Every structure is written in C-alpha cells, then in structure tokens.
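Here the structure is laid out as structure tokens; the discussion comes afterwards.
These numbers come from a predicted model, not from an experiment.
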Amino acid sequence: MLSAAYDGSIEFESLPTDWADRMARRIETGLLAPVSRRRANYVVRSRSSDAVTFSADDFWTAFNIGLNDVELRRADRNRVAYHASFSRWAAYAAIQGLAVAVAVLIAVLLLPGGQTEVARYGGWGWPLLIILLAFFGLVWPQVLVVTHRRFASRALERIVREAVAT
C-alpha cells in the first residue's frame with residue numbers, strides 16, 4: 001500500500017496498430033502538453049510495436065509530475081497494460097519532509113525563546129513537538145505517496161488515451 005508503484009490497464013474500443021509510435025511521439029514532443037517539455041522532460045527508453053517505456057529525464061520533471069518510470073505494453077487486442085513508479089518523487093517528498101522537521105527542531109533549539117515556548121506547554125511540550133515532527137517528517141510523506149498514486153495513474157491514463165486517439 002505504501003509502494004510508489006502502480007499497475008493498471010486501459011481499454012480502448014479499437015487499439016490502433018501504431019499506438020506505440022503515437023505514444024512515443026507524444027513523449028518526444030511533450031508528454032503533458034504537446035510542444036512543451038519545460039516541466040515534463042521525458043525520454044523514451046525503449047520502443048517496439050507492442051511496448052513503450054519512458055522515464056523522467058531530470059530532477060524537476062521527476063519532482064513536479066511524478067511519472068518517473070513508466071512501461072506501457074499491449075495486453076490484448078484492445079487493452080494496454082501499464083506499470084509505473086514514482087520512486088524518485090517519493091524520495092524527494094521524504095527528504096523534503098525530513099528537512100522541514102529538522103529545520104523546525106534546529107530553530108526551536110537555537111532561536112532565543114524557542115525552548116521556552118515549548119516548555120510553556122508543561123510536560124506535553126517536548127513530546128508533542130517530537131510527535132508533530134515525526135508525523136510531518138516520516139508519516140506525511142507516506143500519506144502523500146498513497147494519495148499521489150491515484151492522481152498519477154489517472155494522469156497517465158488520460159495522456160495515453162489522448163496520445164492514442166490522435
């Protein structure tokens with residue numbers, strides 16, 4: 001459930017024989033918005049008549065979109081199966097969550113009055129702060145992964161449908 005990978009399939013009324021070429025052309029010209037690769041710099045890793053694999057080619061694409069590595073394969077006459085992962089996106093989310101938690105902890109420890117403010121909550125101050133930092137540093141990135149999987153799969157399915165239809 002906490003995996004940054006997902007599988008699925010897309011059914012078409014009629015899957016064209018050149019669907020893989022159409023998809024590769026879409027990837028090469030701009031995956032999200034045709035003719036724009038600014039935030040969606042993807043490269044085709046392999047292509048055959050029945051399969052296409054592609055991946056994010058730079059940090060910003062991997063971080064902004066989250067379709068890091070995708071494999072599309074013809075499953076039968078009218079269906080394309082996919083396996084995708086956003087492991088780099090998940091790693092960036094975890095690093096970002098930990099960085100924010102560490103920055104807050106350092107601020108509380110080093111800024112004048114920080115420790116006093118935590119102590120104002122009595123015996124609950126430090127445990128509450130540690131629980132909040134642990135939640136946002138360790139648990140929240142996993143919540144983001146679970147949430148992002150659904151949006152990433154929907155985006156991938158929409159893109160594949162658009163690319164195959166053109």
For this session: Mind checking side chain to side chain donor-acceptor pair (under 3.5 Å) for Asn78 and listing every partner two or more places apart, or none if nothing turns up?
Result: none
Exercise. Does Trp124 belong to the same Ile/Leu/Val/Met/Phe/Trp/Tyr cluster as Ile131, with side-chain heavy atoms less than 4.5 Å apart forming each link?
Worked result: no
Seminar exercise, completed: Here the pair of heavy atoms bringing Leu67 nearest to Ala152 is CD2-O, 3.7 Å
Problem set entry | Joint hydrophobic cluster, Leu109 plus Val104, side-chain heavy atoms closer than 4.5 Å | yes
Problem set entry | Shortest non-hydrogen contact from Tyr82 toward Ser9 | CE2-N, 3.6 Å
Problem set entry | Phe135 reachable from Leu144 in the ILVMFWY side-chain graph, under 4.5 Å edges | yes
Seminar exercise, completed: Sorted by chain and residue number, the side-chain contact (heavy atoms from CB on, under 4.5 Å) partners of Thr116 (sequence neighbours excluded) come out as none
For this session: Taking the side chain as every heavy atom from C-beta outward, state whether Val160 and Phe12 have any pair of such atoms under 4.5 Å apart.
Result: yes
Problem set entry | Nearest heavy-atom neighbours spanning Pro141 and Ala93 | CG-O, 3.8 Å
For this session: Apply the test side chain to side chain contact (heavy atoms under 4.5 Å, CB included) to residues Leu15 and Arg77: give CA-CA distance (whole Å), side-chain angles for both, the deciding distance (0.1 Å), then the verdict.
Result: CA-CA 7 Å; Leu15 186 61; Arg77 281 189 17 217; over 6 Å; no
Seminar exercise, completed: Sorted by chain and number, sequence neighbours left out, side chain to side chain donor-acceptor pair (under 3.5 Å) with Glu117 holds for Arg120
Exercise. With Arg150, which residues qualify under side-chain contact (heavy atoms from CB on, under 4.5 Å), at least two apart?
Worked result: Thr147, Arg154
For this session: Check the pair Ile159, Leu32 against side chain to side chain contact (heavy atoms under 4.5 Å, CB included), reporting the backbone distance first and the verdict last.
Result: CA-CA 7 Å; Ile159 291 165; Leu32 293 182; 3.5 Å; yes
For this session: Could you pull out all residues at least two apart from Phe59 that satisfy ring pair (Phe, Tyr, Trp, His ring centres under 6.0 Å)?
Result: Phe63, Tyr92
Exercise. Please walk me through it: do Ile10 and Arg158 pass side chain to side chain contact (heavy atoms under 4.5 Å, CB included)?
Worked result: CA-CA 10 Å; Ile10 308 164; Arg158 179 187 55 81; over 6 Å; no
Exercise. In the hydrophobic clustering that connects Ile, Leu, Val, Met, Phe, Trp and Tyr at side-chain heavy-atom distances below 4.5 Å, which members other than Leu110 occupy its cluster, ordered by chain and number?
Worked result: Val102, Ile106
Exercise. Is Leu72 close to Phe54 at the side-chain level, that is, under 4.5 Å between some pair of heavy atoms?
Worked result: yes
For this session: Search all heavy atoms of Asp7 against all heavy atoms of His83 and return the closest pair with its distance.
Result: OD1-ND1, 2.5 Å
For this session: Please name all residues satisfying side chain to side chain donor-acceptor pair (under 3.5 Å) with Asp18, sequence neighbours left out, ordered by chain then number.
Result: Arg22
Exercise. Heavy atoms, side chains only, cut-off 4.5 Å: are Thr17 and Ser49 in contact?
Worked result: no
Exercise. Which pair of heavy atoms, one from Asn68 and one from Ser87, lies closest together, and at what distance?
Worked result: OD1-N, 3.4 Å
Exercise. What pairs with Arg161 under salt bridge (Lys or Arg N to Asp or Glu O under 4.0 Å), at least two apart in sequence or on another chain?
Worked result: none
Seminar exercise, completed: Those residues at least two apart in sequence (or on a different chain) that pass side chain to side chain donor-acceptor pair (under 3.5 Å) with Ser46 are Thr53
Exercise. Would you say Val44 and Arg25 make side-chain contact, with heavy atoms under 4.5 Å?
Worked result: no
Exercise. Taking the inter-plane angle between the rings of Phe86 and His148 on a 0 to 90° scale, is it parallel (under 30°), tilted (30 to 60°) or perpendicular (over 60°)?
Worked result: perpendicular
Exercise. For Trp126, does the CH2 atom have more than 12 heavy-atom neighbours from other residues, nucleotides or ligands under 6.0 Å away?
Worked result: yes
Exercise. Taking C-beta and beyond as the side chain, do Leu98 and Leu138 meet within less than 4.5 Å on heavy atoms?
Worked result: yes
For this session: Over all heavy atoms of both residues, which pair between Arg88 and Asp69 is shortest? Give the atoms and the distance, please.
Result: NH2-OD1, 4.4 Å
Exercise. Side-chain contact, heavy-atom cut-off 4.5 Å: Gln142 with Val146?
Worked result: no
Problem set entry | All salt bridge (Lys or Arg N to Asp or Glu O under 4.0 Å) counterparts of Asp21, not counting sequence neighbours | Arg47
Exercise. Rounded to the nearest 0.5 Å, how far apart are CG of Asn41 and CG of Asp58?
Worked result: 4.5 Å
For this session: Determine whether Val139 and Trp89 fall in the same hydrophobic cluster, where Ile, Leu, Val, Met, Phe, Trp and Tyr are linked whenever their side-chain heavy atoms lie under 4.5 Å apart.
Result: yes
Exercise. Checking salt bridge (Lys or Arg N to Asp or Glu O under 4.0 Å) against Asp76, which of Arg73, Arg74, Arg79 comes through?
Worked result: Arg79
Seminar exercise, completed: Residues passing the side-chain contact (heavy atoms from CB on, under 4.5 Å) test with Leu132, sequence neighbours excluded, are Leu128, Phe136
Exercise. Can you name the residues that form a salt bridge (Lys or Arg N to Asp or Glu O under 4.0 Å) with Arg45, not counting sequence neighbours?
Worked result: Asp57
